[in-house]
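None of the values given here were measured: they were computed from a predicted structure.
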Amino acid sequence: MSATRRVWTPATAILVCSIACGSPGDPTTPGALLDPPPGMGLQPVPAPDFSTMESGVEAQMRAVHDTLRERIDDSGATARELSRAYGEMASLLMAARDLRTAEPYYRNALALDPSDRRWAYYLGHLYRNQGPLTEAAASFEHARELDPNDVATLVWLGDAYLALGRPDEARPLFGRAVELDPASAAAWYGAGRAALAVGELGPAVEALERALALNPGATAIHYPLGLAWRRLGEMERAERHLAIPGTVEAQPADPLMMALDDLLESASAYEARGRFAFDAGQWAAAADLFERALALDPGNAGLRHRLGRALRRMGDLRGAEDQLRRIGPEAPEFGGAQVTLGELLDEGGRGDEALALLAAAVERNPDDASARVAYAGVLGRSGRPEEALAEYARVPEVDPARPDAAFGAAMNLVRLERYGAARQRLEAAADDFPEQGSRFTHPLARLLAAAPDDAVRDGRRALGIVEGLAETEQSLLLGETLAMALAEVGRYAEAATVQRDLISAAAQSGLRDTAAALGANLRRYERGLPCRQPWTADELP
């Protein structure tokens with residue numbers, strides 16, 4: 001693609017109309033045009049709308065915009081200096097998600113310096129978000145020419161070709177990305193989708209399973225994987241994946257886009273990046289970003305709640321408590337903050353305080369399902385399972401779609417040794433909430449494998465459930481359930497082998513208490529005895 005080629009889009013149509021109509025006006029007012037230096041083949045660019053910006057962002061934008069105007073007016077400015085000025089302004093606009101305004105700035109930057117990969121790459125993302133996709137592909141191709149081994153560029157270019165219905169062009173790009181970074185879930189995800197698009201089902205399943213193993217949180221992988229299994233005739237596996245909502249994409253490590261996100265100094269920008277870090281499990285980074293956002297917007301109760309949650313995940317319970325207690329009852333986030341604070345107090349061994357706080361929250365707002373679920377959870381862990389069950393039973397009246405209430409009720413039935421009722425509750429919940437995956441089927445397998453009630457156990461069914469889950473999930477807990485199921489069907493030697501492997505893995509991970517607890521069941525299996533305790537009292541959530 002020629003770096004200076006104009007593309008007819010709604011944005012450029014507005015520009016042409018503005019030029020034809022004249023009256024350029026003040027270049028600092030919204031909609032006004034800033035003319036380029038004469039004789040360079042560049043296009044005018046629209047002024048940002050400063051009136052809609054936070055004060056800190058407005059100051060940043062005005063400073064960079066003023067620098068651009070100075071470069072345009074400076075007859076001695078080099079093409080590279082002008083390119084950098086246009087590109088830096090475009091990047092601030094892109095970070096602020098003002099893509100249409102950013103487009104002509106990036107085009108000028110690229111026309112002035114086609115060797116600067118950033119401008120082609122950012123244009124690729126701009127068109128990937130607003131279209132046309134053909135321009136996204138062309139821009140990413142330009143970026144790839146400048147760095148053929150950049151994994152993020154290969155992945156995004158492959159994605160563009162897939163979206164354009166050109167999987168044969170996408171496949172080698174994803175293949176090269178996998179060669180360069182075998183640990184990239186995004187590269188494997190793309191390779192799997194490209195293979196699926198050309199009908200190569202075996203390679204598609206292999207690549208998508210690899211992607212899911214590398215990034216289990218990327219739920220969007222489940223849909224194409226389910227399609228591949230369905231086309232292979234594996235309907236049970238297919239339905240398991242197709243039942244999971246796919247909203248989180250596997251994305252490549254992307255330093256240039258991360259740099260873009262770091263440009264804006266505003267509370268909303270810091271909050272957005274903090275939420276992304278939180279969802280990715282990067283608690284310390286999320287806490288830092290929320291703190292920076294609060295420094296700019298100290299009265300934002302929602303931000304303070306997010307900071308408290310991040311500190312809690314980091315294990316800083318005192319810091320989390322301090323933030324949550326600073327949210328006043330007049331704040332919209334007060335109810336949610338009280339729930340988080342109650343859960344935090346319970347984690348810290350302050351169950352009585354948690355109960356008092358959560359009971360008050362339920363009394364204040366009886367329709368707050370989250371408060372009622374949290375209150376019921378603390379009641380169960382405090383040795384009051386009958387009261388917990390009563391609270392869980394009230395949750396569907398205000399929010400029928402609460403899987404945590406069904407799970408909590410089942411676990412409290414276990415506390416009460418009502419194993420048959422617990423089994424029925426888990427079976428019903430697995431049918432009612434298929435998108436929850438193993439949340440209900442795994443504890444159901446535990447009951448089937450190790451419940452003290454002979455009428456509840458079904459070792460063969462338990463083993464079938466666990467073996468199915470093990471295809472896409474590995475954990476110490478699932479391995480422990482597998483050993484229980486093997487023992488229940490009389491395969492004690494295999495159960496003991498699995499248990500020894502679990503003990504070794506726990507010891508290597510520094511989980512000494514876990515390793516010691518696993519030893520009790522190992523001794524049972526070595527003596528040819530099954531397990532008759534699906535959970536210890538401490539293990540019940």
Side-chain angles (χ1 to χ4, degrees), residues 125 128-129 131 133 136-137 140 151-152 154-175 177-178 181-254 275-276 279-281 401 403 429-442 465 467-475 478:
H125 276 285
R128 186 177 72 86
N129 282 280
L133 281 175
F140 283 130
V151 172
L154 292 167
V155 169
W156 294 124
L157 178 56
D159 274 351
Y161 281 140
L162 278 181
L164 289 166
R166 295 153 64 179
D168 288 330
E169 292 172 80
R171 290 195 74 185
L173 298 168
F174 291 123
V178 165
D181 186 4
S184 170
W188 286 106
Y189 177 47
R193 287 180 295 135
L196 180 63
V198 299
E200 295 191 8
L201 302 180
V205 165
E206 182 180 355
L208 292 167
E209 292 279 14
R210 183 76 173 269
L212 194 59
L214 287 166
N215 187 356
T219 54
I221 299 171
H222 287 283
Y223 183 74
L225 182 54
L227 290 181
W229 280 122
R230 186 163 68 185
R231 292 177 191 175
L232 286 167
E234 297 280 354
M235 302 308 295
E236 186 176 345
R237 288 176 171 177
E239 293 306 318
R240 189 185 311 132
H241 289 289
L242 293 174
I244 298 174
T247 56
V248 181
E249 296 278 349
Q251 297 190 355
D254 202 335
R275 292 173 69 173
F276 182 84
D279 291 342
D431 290 336
D432 292 341
F433 304 103
E435 75 283 357
Q436 292 290 307
S438 64
R439 182 171 192 179
F440 296 107
T441 52
H442 184 187
I465 293 173
E467 288 177 339
L469 295 175
E471 293 177 2
T472 56
E473 178 183 334
Q474 289 85 38
S475 68
L478 188 62

Requested in this report: With rounding to the nearest 0.5 Å, note down the distance linking CG in Leu478 to CD1 in Ile465.
Outcome: 11.0 Å
Query raised in the report: Can you name the residues that form a salt bridge (Lys or Arg N to Asp or Glu O under 4.0 Å) with Arg275, not counting sequence neighbours?
Result: none
Report summary line: Ala163 and Leu133 have their tightest heavy-atom pair at CB-CD1, 3.5 Å
Query raised in the report: Is any side-chain heavy atom of Pro224 closer than 4.5 Å to a side-chain heavy atom of Tyr189?
Result: yes
Report summary line: Smallest heavy-atom separation, Ala253 atom then Ala152 atom, equals O-CB, 3.6 Å
**Report entry** Atom pair CG (Leu232) and CG (Leu201), whose distance is rounded to the nearest 0.5 Å
**Finding:** 4.5 Å
Query raised in the report: Heavy-atom count around Phe433 CZ within 6.0 Å, excluding the residue itself: above 12?
Result: yes
Query - Nearest heavy atoms of Ala250 and Ala186, plus distance in Å - result: O-CB, 3.6 Å
**Report entry** Set of salt bridge (Lys or Arg N to Asp or Glu O under 4.0 Å) partners for Arg240, sequence neighbours left out
**Finding:** Glu471
Query raised in the report: How would you list, by chain and number, every residue that makes a side-chain hydrogen bond (donor to acceptor under 3.5 Å, both in side chains) with Arg231, sequence neighbours excluded?
Result: none
Query - Shortest non-hydrogen separation from Ala194 to Phe174 and the atoms involved - result: CB-CD1, 4.2 Å
Report task. Check salt bridge (Lys or Arg N to Asp or Glu O under 4.0 Å) between Arg171 and all other residues, then give those that pass, not counting sequence neighbours. Result -> Glu200
**Report entry** Nearest-0.5 Å distance that lies between atom CZ in Arg230 and atom CG in Leu242
**Finding:** 5.5 Å
Query raised in the report: Could you state the interatomic distance from CG (Leu196) to CG (Leu227), rounded to the nearest 0.5 Å?
Result: 6.0 Å
Query raised in the report: Of the non-hydrogen atoms in Arg166 and Glu169, which two are nearest, and what is the gap between them?
Result: NE-OE2, 2.7 Å
Report task. Could you pull out all residues at least two apart from Ala137 that satisfy side-chain contact (heavy atoms from CB on, under 4.5 Å)? Result -> Leu157, Ala160, Tyr161, Leu164
**Report entry** Residue list, side-chain hydrogen bond (donor to acceptor under 3.5 Å, both in side chains) with Glu467, at least two apart or on another chain
**Finding:** none
Query raised in the report: Who are the salt bridge (Lys or Arg N to Asp or Glu O under 4.0 Å) partners of Glu249, not counting sequence neighbours?
Result: none
Query - Glu239 side, atom CD; Met235 side, atom CE - distance, nearest 0.5 Å - result: 5.5 Å
Query raised in the report: Taking all atoms of both residues into account, what is the closest heavy-atom pair of Gly192 and Leu208, and its distance?
Result: CA-CG, 3.8 Å
Query raised in the report: Who passes ring-ring contact (aromatic ring centres under 6.0 Å, His included) against His125, sequence neighbours left out?
Result: Tyr121, Phe140, Trp156
Query raised in the report: How would you list all residue pairs meeting salt bridge (Lys or Arg N to Asp or Glu O under 4.0 Å) that involve residues 154-164, not counting sequence neighbours?
Result: Asp159-Arg193
Please output the side-chain donor-acceptor pairs of residues 209-220 that fall under 3.5 Å, not counting sequence neighbours, one pair per line with the distance.
from   : atom 1 : to     : atom 2 : distance (Å)
Glu209 : OE2    : Trp229 : NE1    : 3.4
Asn215 : OD1    : Gly217 : N      : 3.3
Asn215 : OD1    : Ala218 : N      : 3.4
Thr219 : OG1    : Pro245 : O      : 3.4
Thr219 : OG1    : Thr247 : N      : 3.1
Thr219 : OG1    : Val248 : N      : 3.1

